[in-house]
*Asks:* 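Right, I'll just put the structure down here and ask away after.
All values reported here derive from a predicted model rather than from experimental measurement.
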Amino acid sequence: MKIKVHFPSVYFLIEPNIVAVYKIKSLEYVNLTDVINIGEWEAYELQHSHQFEVFNHDKSRPSENPWSFYLEQEELYTIVEIINGVIQQQRSGSQYESITPSSQMVHITCSESAAGSLRVALAPPRHIIAFPDDLSIGPVYQLEVKLGQAFRKEWLFENINNEQDDHVEFNKFVNTMREIDDIPAHIPIYIWVGNNANEHCLLRFFLYLLNDKANEIYLMQTSEHNKYGDTGHLSSMQLSQLFMNSENKPLTVQERRSLQKEWEHLSQTRNVLRRWVNGEIISVSEDYFDALIINTIAKLHKEQTMKDFIKTGTVIAELISQMDECPNLFYLEYRIRFLVYNGALALKGIPKSMRHYSVKLRD
């Protein structure tokens with residue numbers, strides 16, 4: 001597929017003689033849904049493919065015939081990435097600020113649920129960036145570069161059954177990194193973090209991404225206010241009070257550099273599971289939860305009149321009740337599936353999600 005930019009339009013030579021033209025309507029980053037269902041597309045027919053080099057839609061007439069074309073999802077994702085790349089270039093070239101000039105601060109959170117609560121908790125002007133991924137699970141090896149991101153995407157696709165479109169999720173991941181890169185240098189940044197492996201991994205990752213920025217950066221510690229140390233569990237009222245009562249000082253250069261170095265170390269590890277233990281991120285073995293899963297199912301069997309299949313969701317709920325730090329639910333489901341595949345558990349149903357199957361210990 002050949003590409004050409006004639007801003008605000010992007011040209012894609014989809015077939016030997018068909019040019020699909022996408023019109024960029026704003027400098028907000030787009031996702032697959034935007035491009036497929038909302039985007040403004042037109043098709044133009046060429047007599048010969050070599051005309052694409054000089055093609056200009058302003059001097060051509062769009063096709064009057066109904067048109068359609070088939071693309072693999074990977075190709076659609078590539079189109080989205082190309083469009084977002086053009087948008088980012090325009091932001092930079094036109095001194096565009098994704099954060100409006102009236103914004104007084106940027107808040108970065110480690111989950112979309114926390115971001116939703118913050119939008120209610122904090123009065124404008126403010127800009128909130130939500131990171132859509134959980135770095136307590138999956139590879140983080142060289143995650144700061146595209147090779148590491150592709151490796152993580154593949155592992156999640158092969159192992160984690162979160163019922164989300166993998167390309168859509170990865171598109172959110174990349175767009176969030178773009179938003180962080182676009183933060184203007186004069187605006188203070190607040191990073192909200194609770195005491196759990198995901199948020200502390202992300203804190204270090206954020207500071208690595210912000211390495212070249214001179215912004216003042218403040219940490220908003222949230223763990224004192226909830227059992228699991230997860231910022232997403234706090235209400236808007238709790239977040240608002242926490243922010244109003246905060247007397248934080250910005251991180252020093254030494255503090256920032258120390259946390260960045262911790263990320264540099266973390267991004268050289270190849271484990272796929274991390275825990276927050278005694279104030280540190282600890283990489284643990286992939287089967288860390290397996291024995292607890294087996295013991296929990298055995299405990300639930302003892303509560304039954306006769307040993308029978310147990311809903312996977314019930315097993316996971318019981319697991320969580322025994323833990324101080326709430327782990328990623330989909331990772332627990334992945335390990336239950338693994339124990340089915342290796343013969344430790346019997347299966348009833350189709351393991352396409354935790355709602356669709358039950359398990360029991362084999363006799």
*Asks:* Is the cationic atom of Lys4 (NZ for Lys, CZ for Arg) positioned less than 6.0 Å from the six-membered ring centroid of Tyr11 and within 45 degrees of its normal?
*Replies:* no
*Asks:* Measure from the ring center of Tyr331 to the ring center of Tyr334 and say whether it is less than 6.0 Å.
*Replies:*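 Judged by ring-centre distance (under 6.0 Å), Tyr331 and Tyr334 do meet the cut-off.
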*Asks:* Which residue in the set Glu264, His265, Glu262 passes side-chain hydrogen bond (donor to acceptor under 3.5 Å, both in side chains) when paired with Arg204?
*Replies:* Glu262
*Asks:* Is the His200 ring parallel, tilted or perpendicular to the Trp276 ring (thresholds 30°, 60°)?
*Replies:*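 Rings of His200 and Trp276: parallel, under 30°.
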*Asks:* Of Met1, Lys2, Gln51, Glu53, which meets side-chain contact (heavy atoms from CB on, under 4.5 Å) against Leu13?
*Replies:*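 That would be Lys2; it is the only one of Met1, Lys2, Gln51, Glu53 passing the side-chain contact (heavy atoms from CB on, under 4.5 Å) with Leu13.
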*Asks:* Please find the pair of heavy atoms, one from Leu361 and one from Lys307, that lie closest to each other, and give the distance.
*Replies:* O-NZ, 3.1 Å
*Asks:* State, yes or no, whether a side-chain contact exists between Leu207 and Trp263 at a heavy-atom distance under 4.5 Å.
*Replies:*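 Sidechains of Trp263 and Leu207: no contact.
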*Asks:* Does Tyr29 have Arg91 sitting over its ring (NZ/CZ under 6.0 Å from centre, angle to axis within 45°)?
*Replies:* yes
*Asks:* Which class fits the ring pair Tyr77 and Phe170: parallel under 30°, tilted 30 to 60°, perpendicular over 60°?
*Replies:* tilted
*Asks:* Can you find a side-chain donor-acceptor pair between Glu333 and Tyr357 that sits under 3.5 Å?
*Replies:*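 Note: Glu333 and Tyr357 side chains meet the donor-acceptor criterion.
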*Asks:* Of all heavy-atom pairs between Phe52 and Leu46, which one has the smallest distance, and what is that distance?
*Replies:*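 Between these two residues, the closest heavy atoms are N-CD1, 3.7 Å.
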*Asks:* Relative to the ring of Phe243, is the ring of His107 parallel (under 30°), tilted (30 to 60°) or perpendicular (over 60°)?
*Replies:* perpendicular
*Asks:* To the closest 0.5 Å, what do you measure between CD (Glu199) and OG (Ser223)?
*Replies:* 7.0 Å
*Asks:* About how many Å separate CG of Leu135 and CG of Leu266, when rounded to the nearest 0.5 Å?
*Replies:*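 One finds 8.5 Å between CG of Leu266 and CG of Leu135.
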*Asks:* Do Ile297 and Val359 come within less than 4.5 Å of each other through their side chains, counting heavy atoms only?
*Replies:*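 Yes - at least one pair of side-chain heavy atoms lies under 4.5 Å apart.
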*Asks:* Would you call Phe289 and Leu273 a side-chain contact if the rule is heavy atoms closer than 4.5 Å?
*Replies:*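 In short, these two side chains touch, coming nearer than 4.5 Å.
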*Asks:* Roughly how far, to the nearest 0.5 Å, is NZ of Lys23 from CD1 of Ile83?
*Replies:* 14.0 Å
*Asks:* So do Leu300 and Glu303 actually touch side chain to side chain, heavy atoms under 4.5 Å?
*Replies:*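 With C-beta onward as the side chain, the pair touches.
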*Asks:* Applying side-chain hydrogen bond (donor to acceptor under 3.5 Å, both in side chains) to Ser9 and His6, what does each step give before you reach the verdict?
*Replies:* CA-CA 5 Å; Ser9 297; His6 183 73; over 6 Å; no
*Asks:* In terms of side-chain geometry, is the basic nitrogen of Glu179 or Lys172 positioned less than 4.0 Å from the acidic oxygen of its partner?
*Replies:*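 Salt bridge between Glu179 and Lys172, a charged N being under 4.0 Å from a carboxylate O: no.
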